[in-house]
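One structure below.
All of these numbers come straight from a predicted model, not from anything done at the bench.
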Amino acid sequence: MIEYTPTPIPTGVFAQKPGQSSPPPGVPRTVIADLTTGLRMIAALPDDFPQKTLLGIRHILDCLAEQPPEIGVYLDVLEQVRVSLYTCCESLGARYRDSSLPLRERDEEVFRHVIETLRTMGKAYEYCVQALLHDRSVYDEQARARKLALALYRVIYYSCAILCEYYAARQEMPEGLWRQINRHYALAEEHGLAQRIVPEPIREENQDVCPATAYLAFLLIEIANPYNYSLNDQQRIRYLAWRWASLISIRPVDSLEDAPAFILDLKEDKGLHQPRNGVVSDSVWHPDFTFLTEKIRDTQTQLANGATPEQLGLGAISATRARRLLNRLLTPWSLLSSPRRFRRFATKGEARVTLGFESMYTAIANETFRQPDSTGKRSAITPLDNDLLPPSEVAHHDFIFDVWDVIDYSVNGFRLCRHIAGQQIAYSQLIAVSSQGGARYQLGMASWLIQDNEEDSLNLGVSMLPGEPQGVAVRSLDTSRGDFAPAFHLSPLTPNGEAMLVLPKGAFAASRRLSLVRDEKVSRVNLQRVIQRGLDFEVASYLVMETSA
């Protein structure tokens with residue numbers, strides 16, 4: 001049987017509060033001997049305070065584990081409580097999903113308790129799996145097979161749920177998830193239950209699910225690498241993974257000559273990987289993505305021919321976003337080789353990173369932002385000497401930065417790492433980076449983020465914006481006159497290239513007229529089209545209509 005660890009006494013935002021369902025230390029837990037008792041406890045869960053609801057769910061799971069009822073009652077109670085758990089996790093997940101990193105202490109505590117509850121739920125179903133395997137006297141073979149398939153599916157499902165929460169919170173993945181899922185999928189195959197359909201009331205988009213569906217959806221989610229996607233796109237990836245998992249077939253690898261480029265070893269704590277040492281064992285399986293590849297290409301073709309995403313079963317998503325997402329997923333979900341566009345070079349050194357338009361303006365222009373007058377002139381200021389700043393200093397006048405270690409770099413960007421303490425940073429946020437001791441700053445975007453609590457570190461991928469940045473001031477001419485805001489001009493990369501403006505989020509509108517102050521000259525410009533969008537910025541092309549001397 002599985003090892004059981006009782007729920008620890010909560011602290012922080014989960015500290016015991018009057019009226020919560022979990023008893024104080026020393027008070028005996030309720031014995032859940034029948035479904036009626038379990039349903040009564042579930043009905044008593046509060047619906048107005050998610051933290052208390054989660055504690056109540058943990059209390060129910062603890063009661064089941066300490067004095068397990070008959071296996072049928074155990075399974076029925078779990079089936080009833082999982083709907084409350086799903087609703088609770090969705091509510092609490094808003095606290096930490098896609099938040100700026102490092103997570104605030106209270107949000108990190110919520111994340112930790114959600115993960116522990118999901119893990120406890122998986123262990124509860126794992127107990128049911130082992131009980132059904134060891135005691136064949138409770139049900140006839142047909143009923144036992146039906147319940148065993150259900151329990152196996154649920155164990156894999158909760159491993160997948162944990163995986164998705166780590167991606168959504170942009171936290172480093174823990175060890176052991178793949179060992180758990182591989183072991184239970186192997187059991188499903190061993191007992192001929194991998195394709196056995198089980199009920200799934202939670203996932204409305206795919207009612208016909210089985211242990212293989214959960215296993216292959218787990219695989220698709222991981223190889224898509226959701227750290228590189230926004231939260232909305234992560235949710236869309238999960239939707240497509242569950243919907244299209246049935247298009248993947250999986251079979252054992254019979255011989256070394258039959259070994260494919262990528263394999264799954266059901267005895268290891270890893271997902272899809274390349275075979276090593278030319279060894280093929282009876283635990284090695286091969287997933288075939290042929291039909292999935294055809295499905296993606298066919299969907300792309302239909303989108304190009306005018307079909308809507310809703311008609312193609314892609315859900316409520318724009319055609320542009322659907323095409324962009326499928327283009328990115330085609331390579332990993334076709335198991336095609338994916339060489340880097342730009343070669344990376346390992347290096348050692350430090351980089352300075354600053355956030356926020358005004359701080360970035362100061363870093364790039366070497367002066368604090370000042371409101372220009374009608375002629376573009378600004379009051380005299382004293383330039384900052386960033387070269388004199390020691391690497392350990394994090395603030396100078398109005399300019400705040402953090403020092404990161406450079407792990408590697410390419411023409412297109414950097415991979416950086418720092419101690420977890422420092423400014424919070426979010427996925428797709430605009431940043432200014434200097435790898436030259438503060439002498440020259442370039443603009444980039446946080447293309448991925450991972451918080452590693454084991455190493456007490458934050459890892460950042462930076463995708464640089466093309467062109468040399470210059471600090472400018474902009475003001476809309478389409479509304480009542482207001483203050484100028486800091487922005488950036490990106491020089492064209494070629495003589496006939498297009499100059500661009502980096503504007504605060506929400507500033508772009510097609511044909512919007514702006515007053516642009518650059519090099520103490522005031523121009524009237526019309527915005528043309530948006531090139532790129534991020535969390536707090538927009539890159540747009542523009543056309544100069546008039547310039548005053």
Determine whether a donor-acceptor pair (N or O, by modelled atom type, separation under 3.5 Å) exists between the side chain of [X] and the backbone of [Y].
| X | Y | result |
| --- | --- | --- |
| N305 | T301 | yes |
| Q67 | V31 | no |
| Q130 | Y127 | no |
| D452 | L458 | no |
| H273 | G271 | yes |
| S91 | P50 | no |

So which heavy atom on [X] is nearest to which on [Y], and how close?
| X | Y | value |
| --- | --- | --- |
| C417 | S457 | SG-CB, 3.9 Å |
| L535 | A426 | CD2-CB, 3.5 Å |
| V462 | S447 | N-OG, 3.9 Å |
| R196 | A145 | NH1-CB, 3.7 Å |
| P287 | L335 | O-CD1, 4.3 Å |
| N228 | R328 | O-NH2, 3.1 Å |

Legend entry - Ring centers of Y125, Y153 separated by less than 6.0 Å: no

Inset, instruction - Taking the six-membered ring for Trp and the single ring otherwise, decide whether the centroids of W178 and F218 are under 6.0 Å apart. - result: yes

Could you tell me if the side chain of [Y] sits less than 4.5 Å from the side chain of [X], heavy atoms only?
| X | Y | value |
| --- | --- | --- |
| L163 | I221 | yes |
| T213 | C210 | yes |
| I450 | Q171 | no |
| V81 | L85 | no |
| L55 | H59 | no |
| F262 | Q274 | yes |
| W242 | C160 | yes |
| Y157 | E200 | yes |

Identify whether the distance between the nearest side-chain nitrogen and carboxylate oxygen of [X] and [Y] falls below 4.0 Å.
| X | Y | value |
| --- | --- | --- |
| R321 | D233 | yes |
| E294 | R297 | no |
| R58 | E116 | no |
| R119 | E165 | no |

Inset, instruction - Any pair with a residue in residues 35-46 that passes side-chain hydrogen bond (donor to acceptor under 3.5 Å, both in side chains), sequence neighbours left out, goes on the list, sorted by first then second residue, please. - result: D34-T37

Inset, instruction - Is it possible for you to check whether R238 lies under 6.0 Å from the centre of the six-membered ring of Y167, through NZ or CZ, and within 45° of that ring's axis? - result: no

Separation of [Y] [atom2] from [X] [atom1] (nearest 0.5 Å):
| X | Y | atom1 | atom2 | value |
| --- | --- | --- | --- | --- |
| F291 | S246 | CZ | OG | 11.5 Å |
| I71 | H134 | CD1 | NE2 | 12.0 Å |
| K270 | N182 | NZ | CG | 10.5 Å |
| T87 | E90 | OG1 | CD | 8.0 Å |
| L314 | R323 | CG | CZ | 11.5 Å |
| R236 | L326 | CZ | CG | 10.5 Å |

Inset, instruction - In sequence, state the C-alpha distance, the side-chain angles, and the governing distance for L133 and H191, and then conclude on side chain to side chain contact (heavy atoms under 4.5 Å, CB included). - result: CA-CA 10 Å; L133 288 173; H191 292 273; 3.3 Å; yes

Would you check if there is a donor-acceptor pair between the side chains of [Y] and [X] at a distance under 3.5 Å?
| X | Y | value |
| --- | --- | --- |
| N232 | Q234 | no |
| D76 | Q80 | no |
| S283 | D265 | yes |
| R82 | Y158 | yes |
| T290 | D288 | yes |

If you draw a 6.0 Å radius around [atom1] in [X], do more than 12 non-hydrogen atoms from other residues or ligands fall strictly inside?
| X | atom1 | answer |
| --- | --- | --- |
| K267 | NZ | no |
| E190 | CD | yes |
| R104 | CZ | no |

Inset, instruction - Kindly indicate, with the supporting measurements, whether the criterion side chain to side chain contact (heavy atoms under 4.5 Å, CB included) is fulfilled by L240 and L220. - result: CA-CA 9 Å; L240 293 177; L220 285 175; over 6 Å; no

Inset, instruction - Please step through salt bridge (Lys or Arg N to Asp or Glu O under 4.0 Å) for the pair D402 and R418, ending with a clear verdict. - result: CA-CA 9 Å; D402 288 310; R418 74 159 206 234; 3.4 Å; yes

Inset, instruction - Output, in order, the C-alpha distance, side-chain angles, deciding distance and verdict of side-chain hydrogen bond (donor to acceptor under 3.5 Å, both in side chains) for N453 and Q451. - result: CA-CA 6 Å; N453 290 315; Q451 179 175 329; 2.9 Å; yes

Inset, instruction - Assess whether side chain to side chain contact (heavy atoms under 4.5 Å, CB included) is satisfied between I60 and T30, documenting all intermediate values. - result: CA-CA 8 Å; I60 293 172; T30 303; over 6 Å; no

Inset, instruction - Would you please classify the geometry between the Y215 ring and the Y185 ring as parallel, tilted or perpendicular, with 30° and 60° separating the classes? - result: parallel

Inset, instruction - Apply side chain to side chain contact (heavy atoms under 4.5 Å, CB included) to the pair I115 and Y166, showing each step before the final yes or no. - result: CA-CA 9 Å; I115 292 298; Y166 270 91; 3.8 Å; yes

Inset, instruction - Among N459, I431, V406, find the residue that satisfies the side chain to side chain contact (heavy atoms under 4.5 Å, CB included) test when tested with L416. - result: V406

Inset, instruction - Mind jotting down which residue pairs meet the salt bridge (Lys or Arg N to Asp or Glu O under 4.0 Å) criterion with at least one end in residues 170-187? Sequence neighbours excluded, please. - result: D98-R170, E126-R183

Inset, instruction - For Q300 and N327, run side-chain hydrogen bond (donor to acceptor under 3.5 Å, both in side chains): C-alpha distance rounded to whole Å, both residues' side-chain angles, the deciding distance at 0.1 Å, then the answer. - result: CA-CA 8 Å; Q300 289 176 313; N327 287 340; 2.7 Å; yes

